[in-house]
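When reading the values below, keep in mind they use all heavy atoms of this one structure, side chains included, and skip hydrogens, waters and symmetry mates.
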Amino acid sequence: MNARDRNAHSLVADQVAAERACSIDLERVWHELEASGCATIGRLISPRECEALCSMYSRDAGFRTRVVMQQHGFGRGEYRYFSYPLPDLVAHLRCALYACLVPTANRWNSQMGIAVRFPDQHADFIERCHAAGQLRPTPLLLQYGAEDYNCLHQDLYGEHVFPLQVAILLSETGRDFAGGEFVITEQRPRMQSRAQVVPLAQGDAVVFAVNQRPVRGARGFYRVTLRHGVSRVRSGRRHALGIIFHDAT
């Protein structure tokens, strides 16, 4: 593909991503995020796109590093971070979803008494990350086999952290794998942790808090801390795409 064709393809991908973002019921997403710190978006990408992304995992081209979870105490399974330039689908979804979520991110920071505000466009936020030395892209593909799992964690990679991220299930529950549920926990002050299991089908996305979110109490807003992970895969193979909006040091 020559440069002209690549530019035309990129423009089409950007338009498609924008159309998908416009089709999201943002009022529902915002309401669910306020209520529980996570929200689902059904069929954000097509089965064909899911399969194309899954097929990329076995290739070395397009990735900057591979992480085997067991070697770091993160669980079992593995994942690969994309390198720049990101695949068109990933890059354009990252920008389009950021634009959808930035009003919630700024409102949350205001309610939590955090002075940082996020710009309207993702490219401007990435410039902020890069100026602070956060230069490495964070979108990733994850692969789990039987008995694999992902420990509860937070994806914090430096000073600049966008408070929301997205995970998209690329495999079909029941056909490709069993188990492997997306799990999120919430720790409120002086209370035990609350766990949620988020059911997903192929192509579905879950939007969730990276670290903390505000909750209204009797005396105003207070912060609760969230972590996410994946339960044990009982059989088969599970792939997922993670879209994190800040870059890493």
Side-chain angles (χ1 to χ4, degrees), residues 10 13 16-17 20 40-41 43-72 74-98 122 126 134-157 162 164-173 175-184 198 200-208 210 228-233 235-248:
S10 181
V16 170
R20 292 181 210 215
T40 56
I41 302 171
R43 298 296 183 184
L44 183 62
I45 64 176
S46 70
R48 178 174 295 180
E49 290 167 326
C50 289
E51 291 161 9
L53 286 166
C54 288
S55 70
M56 294 179 64
Y57 195 87
S58 60
R59 309 172 198 162
D60 290 332
F63 296 99
R64 64 176 177 85
T65 191
R66 171 175 171 263
V67 176
V68 178
M69 296 185 201
Q70 278 180 287
Q71 295 177 357
H72 304 275
F74 297 162
R76 282 187 49 162
E78 57 183 69
Y79 52 88
R80 306 186 79 167
Y81 287 107
F82 288 106
S83 57
Y84 280 130
L86 300 174
D88 282 345
L89 176 62
V90 177
H92 295 300
L93 279 175
R94 197 184 193 201
C95 291
L97 291 170
Y98 173 93
H122 186 251
I126 286 298
Q134 294 175 222
L135 302 173
R136 296 185 298 164
T138 50
L140 69 164
L141 283 180
L142 303 100
Q143 178 177 271
Y144 304 88
E147 302 302 322
D148 288 350
Y149 61 93
N150 197 346
C151 295
L152 294 170
H153 65 284
Q154 299 172 321
D155 293 312
L156 307 173
Y157 296 103
F162 192 74
L164 293 153
Q165 67 187 81
V166 177
I168 303 173
L169 183 62
L170 304 178
S171 305
E172 182 60 54
T173 307
R175 183 194 68 190
D176 299 323
F177 71 97
E181 295 88 356
F182 182 87
V183 179
I184 188 166
V198 182
L200 297 170
Q202 185 181 43
D204 290 355
V206 55
V207 184
F208 56 98
V210 172
H228 65 279
V230 173
S231 69
R232 179 175 62 90
V233 175
S235 63
R237 179 164 289 183
R238 179 191 192 274
H239 287 94
L241 169 67
I243 299 180
I244 300 161
F245 298 102
H246 45 274
D247 278 354

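Minimum heavy-atom separation, Gln143 to Asp148: O-OD2, 4.5 Å. The shortest heavy-atom contact between Ala52 and Ser55 is O-OG, 2.7 Å. Smallest separation of non-hydrogen atoms from Val166 and Phe208: C-CE2, 4.2 Å. Scanning all heavy atoms of the two residues, the minimum distance from Leu93 to Ile168 falls at CD1-CD1, 4.3 Å. The two residues Val230 and Tyr149 have their closest heavy-atom pair at O-CB, 3.5 Å. The two atoms that bring Cys54 and Leu170 nearest to each other are SG-CB, 3.5 Å, heavy atoms only.
Side chains of Pro139 and Phe82 form a contact here, defined as non-hydrogen atoms less than 4.5 Å apart. Within the 4.5 Å cutoff, side-chain heavy atoms of Leu44 are placed close to those of Leu97. Taking the side chain as every heavy atom from C-beta outward, Asp247 and Tyr84 approach each other to under 4.5 Å. Annotation: side chain of Tyr98 is in contact with side chain of Phe162 (closest heavy-atom distance under 4.5 Å). A heavy-atom distance below 4.5 Å is found between the side chains of Leu53 and Val90. Contact annotation: the side chain of His246 approaches that of Tyr157 to within less than 4.5 Å [non-hydrogen atoms, C-beta and beyond]. You'll find the side chain of Arg94 reaches within 4.5 Å of the side chain of Thr138, heavy atoms only.
Judged by distance alone, the side chain of His122 and the main-chain N or O of Phe245 form a donor-acceptor pair under 3.5 Å. Looking only at distances, a side-chain donor or acceptor of Thr173 sits under 3.5 Å from a matching main-chain atom of Leu200. A donor-acceptor contact shorter than 3.5 Å is absent between the side chain of Gln165 and the backbone of Val210. Using modelled atom types, one side-chain atom of Ser83 and one backbone atom of Gly62 make a donor-acceptor pair closer than 3.5 Å. Judged purely by atom type and a 3.5 angstrom limit, Arg80 uses its side chain to pair as donor or acceptor with the backbone of Arg59. Here the side chain of Ser171 pairs a donor or acceptor atom with the backbone of His239 at under 3.5 angstrom. A side-chain donor-acceptor contact under 3.5 Å links Ser231 to the backbone of Glu181.
Under the salt bridge (charged side-chain N to carboxylate O under 4.0 Å, His left out) rule, Glu147 has a single partner from Arg232, Arg76, Arg238, which is Arg232.
Classified by interplanar angle (parallel below 30°, tilted 30° to 60°, perpendicular above 60°), the ring pair Phe74/His72 is parallel.
To the nearest 0.5 angstrom, Leu152 atom CG is 10.0 Å from Gln154 atom CD. The line from CD1 of Ile244 to CG of Leu156 is 9.5 Å long, rounded to the nearest 0.5 Å. Expressed to the nearest 0.5 Å, how far OH of Tyr57 lies from CG of Leu142 amounts to 7.5 Å. Atom NE2 of His153 is separated from atom CE of Met69 by 7.5 Å, given to the nearest 0.5 angstrom. To the nearest 0.5 Å, atoms SG (Cys50) and CG (Leu169) are separated by 7.5 Å. The distance from atom CG of Leu140 to atom CD1 of Ile243, rounded to the nearest 0.5 Å, is 10.0 Å.
Atom CZ of Arg48 is surrounded by 12 or fewer heavy atoms from other residues, nucleotides or ligands within 6.0 Å.
Using a cut-off of 4.0 Å between Lys/Arg side-chain N and Asp/Glu carboxylate O, Arg66 and Glu78 are scored as salt-bridged.
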From CA spacing to verdict: side chain to side chain donor-acceptor pair (under 3.5 Å), His228, Asp155: CA-CA 9 Å; His228 65 279; Asp155 293 312; 3.2 Å; yes

